[in-house]
Amino acid sequence: MHRFGLFELNEAARSLTLRGVAQKMQPRVFDLLVYLVRNAGRVVPKDELMDALWPNLTVTEASLQRAVSLARAALAAGGLEQAIRSFVRHGYRFAIDEPGVAVAVPSFDASEANRARALELAREKDWHAAAMVFERLDAEGQLCAADVEVWALAVECQGRPAAAIPVLTRALAAHVAEGKPNLAARVAVTIAKLEFERSAPAAASGWMARAEALLGDTDDPRTSAYLLWMKARQIIFAGNAAEALELALKSHRAAMGCGDSGLIALTLVYMGFYNISLGHMQEGVSQQNHAAAIALSSNVDPVLGSLVYCNILWSCRTYPDWSRARQWSEGFDSWCAASYAVVPGTCDLHRAEILGAKSDLNGALVAIDQALPKLFEEESWSIGDGYRVRGDVHAMIGDLDSARKDYAAAYAAGWDAEPGNAILLAETGKVDMALAALDSALGGASWYHIQRRGFLLAHKARIAAMSGHRDIAAKAMDELTAQSARWTQPAVHALMNETRYLLASGAEAMPFLILARQLWASAGLEYHAARVRLELARVLAEGGNDAAAQVEIAAAERIATRIGSKRLLKLAAALQPPRLTAVGK
């Protein structure tokens, strides 16, 4: 029997309880926690842990990292997610003996001093300790409606937004009892937001109706701005970007009227998002960048700040604008680390795709495996996108069977898995199925499909050109060219130049391929830059320029080794003399 913080670990009963309440844990995760607790005080090597948990089995380090992540998530419910410490290249240590880790239940007499202490803990972003103090004060009847709201924020910032809903419901009732229906309306919007993110649109609509009824004709620009912002989010989800933008403009005007910097940033970043969806790229990007600068330079709360950052990175990922994503991702990671006790699943999802796009496929796989359990629990609307991202990472690594399973899971979750799924289909000769899958995604009317149209069209053009469907490729290229101001991303133009290369012949083709390589490199997408290098090497070798071909192959191999792509290494090996195999044509 082991006791630490508010937990009790019973080896014989194979149970972990928090304040006497049993916590759900996978058997392997429970075994990991027991092993670390037994060895508290020393760094347990990774190999030792893998041998103990998976005897007589060969597993990757990613399996251990996932088990550690799930153990931390279980401990986070009691504020001890930091108890399992990582030591790079060594292992893990159960650090409950370190000062400040084992937080005892605070004992005090209910008084104004303790209320002030709870608020101070919240200001210091010690969310777990703040929530515990608020919980005790609430039991003794010491909290006003505003205090309960801060309590709910403390719960949400522990990575448990769903658990904040009942606390917020009490805050709403308390505001009504105190004669402040406009503040109750603001709380109702927050509940609607959380329900919406849990894939409960009916519940979200109900809370929005409650918010409008509570606000009535009250002149409260802050609540009006917040309510209009959430209504725009509901509308864009159905693909009506124009109406969403109109509401966002109204919400931004209201936010400016009340001078709330957090709301100003929030409404501005979503105006940018809707403008990008409508193809007003320059205006939308400028608005999003301005919003991020406001959030960084103002004392906004973690939830509003993360919404600003998250919206920008989501736009970058779906557009796709990887150069801009890289510029903002580091700041976003720092924001999450400084603001949250437990990083939300969407943050892990953003980090996973950006890592995969940049330079670390194995790191991306770890990040997405951390994200998926959180998304299941708290933000299930994006589960499908999580599977899509993991499928893309598996495909770039070279685990094509796992990629196909992930793409199938994305479709099962109501998401499309393009263009990754279509690429794999085309590579196995199922070109008609690949083009049909892309057409299905291009026919989507949601904001997600609207934003990604250029990227999907560029992939359709390339796949059609590779398979000899020149008319289909030309039609897709015509649409992209006609809307050139909308599709300015280097990734889209790289694909367009790959298509031009495939459609051209003789000496005219080579410049397009070289330009595609340069565009992929400028976008920071090393996998695709290396892929094009290998195709360039094949063409050079077939033309008798072996020396230049070897330069391209060597560069591609360096990239493949650095990012962890076994697939690229295999393709590079196939191009070494005397074997010359087509890579992309």
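Each residue takes its place number in the sequence, starting with 1. This is a predicted model, so every value here is computed, not measured.
Considering all non-hydrogen atoms of both residues, Leu214 and Val176 come closest at CD2-CG2, 4.0 Å. When all heavy atoms of Thr223 and Asn182 are compared, the pair lying nearest together is OG1-O, 3.4 Å. When all heavy atoms are compared, the tightest approach of Leu33 to Ile84 is CD1-CD1, 4.4 Å. Of all heavy-atom pairs spanning Asp147 and Leu143, the tightest one is CB-CD2, 3.7 Å. The shortest non-hydrogen separation linking Ala295 to Ala265 is N-CB, 4.2 Å. The shortest non-hydrogen separation linking Leu137 to Ala118 is CD1-CB, 4.3 Å.
Judged by distance alone, the side chains of Asn275 and Gln287 do bring a donor and an acceptor atom under 3.5 Å apart. A side-chain donor-acceptor contact under 3.5 Å links Gln288 and Ser315. There is no side-chain donor-acceptor pair under 3.5 Å between Ser251 and Tyr270.
Asp220 CG to Lys180 NZ: the interatomic distance, rounded to the nearest 0.5 Å, is 12.0 Å. His175 NE2 to Leu168 CG: the interatomic distance, rounded to the nearest 0.5 Å, is 9.5 Å. Between the CG atom in Leu49 and the CD atom in Glu61 there is a gap of 10.5 Å [rounded to 0.5 Å]. One finds the OG1 atom of Thr190 at 9.5 Å from the CG atom of Leu153 (value rounded to the nearest 0.5 Å). Atom CG of Leu245 sits about 9.5 Å away from atom OG of Ser277, to the nearest 0.5 Å. Here the straight-line distance linking atom CG of Leu268 with atom CG of Leu249 works out to 10.0 Å at 0.5 Å rounding.
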*Given Arg28 and Asp31, is the salt bridge (charged side-chain N to carboxylate O under 4.0 Å, His left out) satisfied, shown in steps?*
CA-CA 5 Å; Arg28 196 89 65 182; Asp31 292 339; 6.0 Å; no

*So His128 and Gln158, side-chain contact (heavy atoms from CB on, under 4.5 Å) or not? Walk me through it.*
CA-CA 7 Å; His128 173 66; Gln158 291 180 74; 3.5 Å; yes

*Met256 and Ile264: CA distance, side-chain angles, deciding distance, side-chain contact (heavy atoms from CB on, under 4.5 Å) verdict*: CA-CA 6 Å; Met256 293 292 290; Ile264 291 170; 3.8 Å; yes

*Mind running side-chain contact (heavy atoms from CB on, under 4.5 Å) on Leu121 and Trp127 for me, showing each step along the way?*
CA-CA 7 Å; Leu121 287 167; Trp127 303 116; over 6 Å; no

*Would you sort out whether Arg233 and Glu197 count as a salt bridge (charged side-chain N to carboxylate O under 4.0 Å, His left out), showing the intermediate values?*
CA-CA 11 Å; Arg233 279 191 76 183; Glu197 290 166 355; 3.2 Å; yes

*Kindly indicate, with the supporting measurements, whether the criterion side-chain contact (heavy atoms from CB on, under 4.5 Å) is fulfilled by Val148 and Phe134.*
CA-CA 8 Å; Val148 180; Phe134 278 126; over 6 Å; no

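Residue pairs satisfying the side-chain hydrogen bond (donor to acceptor under 3.5 Å, both in side chains) criterion with at least one member in residues 207-219, sequence neighbours excluded, are listed as follows: Glu212-Lys231.
Within the 4.5 Å cutoff, side-chain heavy atoms of Arg72 are placed close to those of Ser86. Residues Lys193 and Tyr226 form a side-chain contact, since some pair of their non-hydrogen atoms from C-beta on lies under 4.5 Å apart. Under the 4.5 Å side-chain criterion, counting only non-hydrogen atoms from C-beta, Leu266 is in contact with Trp229. At least one side-chain heavy atom of Arg170 sits under 4.5 Å from a side-chain heavy atom of Asp138. The shortest distance between side-chain heavy atoms of Met1 and Glu8 falls below 4.5 Å. In this structure, Pro181 and Leu215 have side chains that are not in contact, with every pair of non-hydrogen atoms separated by 4.5 Å or more. At a threshold of 4.5 Å between non-hydrogen side-chain atoms, the residues Glu178 and Cys144 count as touching. Contact annotation: the side chain of Ile236 approaches that of Phe273 to within less than 4.5 Å [non-hydrogen atoms, C-beta and beyond].
Although no hydrogens or angles enter the test, the distance criterion places no donor-acceptor pair under 3.5 Å between the side chain of Gln23 and the main chain of Ala74. Counting only distance, with no hydrogens or angles, the side chain of Ser286 and the backbone of Glu283 share no donor-acceptor pair below 3.5 Å. A donor-acceptor pair is defined here as one N or O able to donate and one able to accept, closer than 3.5 Å; no such pair exists between the side chain of Ser69 and the backbone of Gln65.
Salt bridge status for Arg160 with Glu156: absent, with no side-chain N to carboxylate O gap under 4.0 Å. A salt bridge does not link Arg388 with Asp416: none of the charged nitrogens is closer than 4.0 Å to a carboxylate oxygen. Ion pairing of Asp369 with Arg66 is absent here, as no side-chain N (NZ or NE/NH1/NH2) approaches a carboxylate O to less than 4.0 Å. Under a 4.0 Å N-O distance rule, the pair Arg198/Glu195 qualifies as a salt bridge.
For Phe7, the ring-ring contact (aromatic ring centres under 6.0 Å, His included) partners two or more places apart in sequence, or in a different chain, are Phe4.
Taking the six-membered ring for Trp and the full ring otherwise, Phe237 and Phe196 have centroids separated by under 6.0 Å. Taking the six-membered ring wherever Trp is involved, the centroid distance between the rings of Trp415 and Tyr387 does not fall below 6.0 Å.
At most 12 heavy atoms of other shown residues, nucleotides or ligands fall within 6.0 angstrom of atom NE2 in His290. At most 12 heavy atoms of other shown residues, nucleotides or ligands fall within 6.0 angstrom of atom CD in Gln282. For Met25, the CE atom sits in a packed shell: over 12 heavy atoms of surrounding residues, nucleotides or ligands are nearer than 6.0 Å.
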